[in-house]
Protein chains: 2
Amino acid sequence: MVETRKSTLVLVAERAGVSIASVSRVLNGLPASPQLTEKVREAAEALGYVPDATARSLKVGRTDQIAFAVADVGNPVYVAMMHEVSRVVSKAGFRLVLSSTGNDPQDQIELLSSLNRGFADGLLLSPLRVTEPLVAALRSSRLPIVIIGSLPAGVELDNVRADSVAGIGLAVEHLVEQGRKHIAFVNGPVDTVPGAARLSGYLTSIERFGLTTTADLQVTASDFTYKAGRKAAARLLAQSSPDAIVCANDLLAVATLKELTSRGIRVPDDVAVVGMDDTDAAELANPSITSVDLGSAKRAKAAAKLLIRRLADPGAPVKQVVIEPTLSVRESSVLAEVTV
Amino acid sequence: MVETRKSTLVLVAERAGVSIASVSRVLNGLPASPQLTEKVREAAEALGYVPDATARSLKVGRTDQIAFAVADVGNPVYVAMMHEVSRVVSKAGFRLVLSSTGNDPQDQIELLSSLNRGFADGLLLSPLRVTEPLVAALRSSRLPIVIIGSLPAGVELDNVRADSVAGIGLAVEHLVEQGRKHIAFVNGPVDTVPGAARLSGYLTSIERFGLTTTADLQVTASDFTYKAGRKAAARLLAQSSPDAIVCANDLLAVATLKELTSRGIRVPDDVAVVGMDDTDAAELANPSITSVDLGSAKRAKAAAKLLIRRLADPGAPVKQVVIEPTLSVRESSVLAEVTV
DNA sequence: CTGTTAGCGCTTTCAG
DNA sequence: CTGAAAGCGCTAACAG
């Protein structure tokens, strides 16, 4: 039977009849004689010794924890990221601390200052809005931070971002190939990083493919959520008759899809729908929704690895990574083929 | 400009010309004279002092961290739970450490032993499978643990669980009211806690409402996932013709729905579909899916509060909470009303 | 009310 | 190769 009460190095050392330094060495795999090693192992086992993480942290100045701050724990994109981050981080021997900030930049600034309490060794941050004070706080942080998402030009911080302009380009190109001409856009708030980027991507792509767009082909949801999407789609359909709709994320796409079918408009027959982020929601929808994969999982993975690299080598040059988008074509944008 | 290098109590004390004890007191809001307070505040501010969490933890024997172990970070139910846990926990001043164990009980046992390293003050655990060794490990844990989910009879640990038998009862009752007679069941693996509970709930309910079921009305998916659900639903439809299908979770329900519509079977006209867990997936599906809310969010919230209570009062009697299910009726189970 | 001091449990020089 | 001892930064007796 193994002792279940809390035991320390001192206890183990006493039982083994050696010094605590020796115990520490053996347990950390440093050179020691076989006899010593044996004695220590035995004593440690008998006492059910488990080293104390806090004490170790205080001594070595590391916590082996990485913090991941997300604006919305429920957002499927963040969930996908978390999934990936969790995997990479734990494989590298770190624990994952989840910090849920709201989308309020102030929360994130507070997070940064609390980071300096040293409860984690580094931070992964995916801000929805990047304000001036946030940038300042990021710059003056003592701990390594990797940003997932775009940064204002000139801000030199490790970061990995998506190329949403190229992503929307893929969507528009695909729709054009399918013979669509009047491509509408359901966006989320334009004062967010993704909202702004996606809008500019839409406008750029429309022009690049020689199409035109007008104000009544564009609506903005108050939020990147299903509910807001329903309302925005309703507004869109009241003011125009597109033959294709690009949505700034999958939730908005699902909402748009629902709004369409509830009005008896067929997808993809009458209107094609394309989402972004390529989350489960797109795959599970009925019909399943074509979606631009902005590489959430890849971004998260790259970011986590970047942070781990930085922790190992604090002096490494700043690295900025761009993940290329891909398109997952599904039912919502392709007319059923005539099967023989 | 605030000093950005790391500063300690000693530095602040020197600058303020007082003892470190005084600094500690002031910063922790213990009684001190106004002048002292003022001096300390000023020095701390000037140095940009931030207390070190690790040192504090070592001293006070608390980390202010709560660990939440989930089998699958991507599962919507866990996501909903995380959401709630994150909220409760951070409001109570704890950080959330996310530990992703696989569904392997061995992983969870290792987690328990690493918990004894003291990186967290307590653990929320929602095991998919509860094995004998797991129970043993749970029992001998030095730290408070709250289990989300059912426990074998006789295991006295804080826990909060759902009443899935009653939940399926709600679903069956509703379907019976809608005039359905041949109610099939798409389950997940029966060697999991939810799988076993839901199967028994189905059998109990069928009997209670005077219906009958046969082997060909029951299928088991290899997993609680969409893909596995598609296959299971296909098998079911190949072997029987139910007029209603209860699915052991929403993902299976979405899969079943898709399998049905892809065969031209109308929902709810020909077949009614009911899911469980009442996740976003049910709401977003088209048609939206009626789902049994087993109170994931409530359970998570209750569990988190229970753990926090236990941390505050380690001697409190063991508490076992059962959350009552409710039914969210949506389109997939109700024939469209004739609107005047 | 404030200062001195003893550790929390561990790692890591520094001697031997 | 092993032991003694010095702290990591902080809190909490205990004196004064």
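All figures in this text were calculated on a predicted structure; none of them were measured in a lab. We name chains A, B, ... by the order of the sequence lines, and we start the count at 1 in each one.
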At the 4.0 Å heavy-atom cut-off to chain B, mark where contacts on DNA chain D begin and end, going 5' to 3'.
dG9(D) to dA13(D)
Extract all donor-acceptor atom pairs below 3.5 Å that involve side chains of residues 70-85 of chain B and protein atoms in other chains or at least two apart in sequence.
| residue | atom | partner | partner atom | Å |
| --- | --- | --- | --- | --- |
| D72(B) | OD1 | G74(B) | N | 2.8 |
| N75(B) | OD1 | V77(B) | N | 2.8 |
| Y78(B) | OH | S126(B) | O | 3.4 |
| E84(B) | OE2 | R87(B) | NE | 3.3 |

In 5'-to-3' order, the base (B), backbone-only (S) or no-contact (-) status of each nucleotide in nucleotides 5-12 of chain C, using a 4.0 angstrom heavy-atom cut-off, is -BBBBBBB
Before giving the answer on side chain to side chain contact (heavy atoms under 4.5 Å, CB included), spell out for I66(A) and L123(A) the whole-Å C-alpha distance, their side-chain angles and the decisive distance to 0.1 Å.
CA-CA 6 Å; I66(A) 283 179; L123(A) 172 70; over 6 Å; no
Can you sort out which residues in residues 112-121 of chain A have a heavy atom within less than 4.0 Å of DNA chain D? Ascending by number, please.
none
Looking at R117(A) and D52(B), is there a salt bridge between them, counting it only when a charged N and a carboxylate O are closer than 4.0 Å?
no
Output all residues satisfying side-chain contact (heavy atoms from CB on, under 4.5 Å) with [X], sequence neighbours left out; order by chain, then residue number.
{"X": "A196(B)", "answer": "none"}
{"X": "A32(B)", "answer": "V26(B), L36(B), T37(B)"}
{"X": "R62(B)", "answer": "R56(B), V60(B), D64(B), D121(B)"}

So what is the end-to-end bend of the helix from dC1(C)-dG16(D) to dG16(C)-dC1(D), with 5 pairs used at each end and the value given to 10 degrees?
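Overall, the helix from dC1(C)-dG16(D) to dG16(C)-dC1(D) bends by 40° from one end axis to the other.
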Test of understanding: with side-chain hydrogen bond (donor to acceptor under 3.5 Å, both in side chains), list the residues that count as partners of [X], not counting sequence neighbours.
{"X": "R161(A)", "answer": "none"}
{"X": "T101(A)", "answer": "Q108(A)"}
{"X": "S86(B)", "answer": "none"}
{"X": "E38(A)", "answer": "none"}

Tell me, do Q65(B) and L96(B) make a side-chain contact under 4.5 Å, heavy atoms counted?
no
Show, in sequence, the C-alpha distance, side-chain angles and deciding distance for I147(B) and L124(B), and conclude whether the side chain to side chain contact (heavy atoms under 4.5 Å, CB included) test is met.
CA-CA 6 Å; I147(B) 302 294; L124(B) 292 169; over 6 Å; no
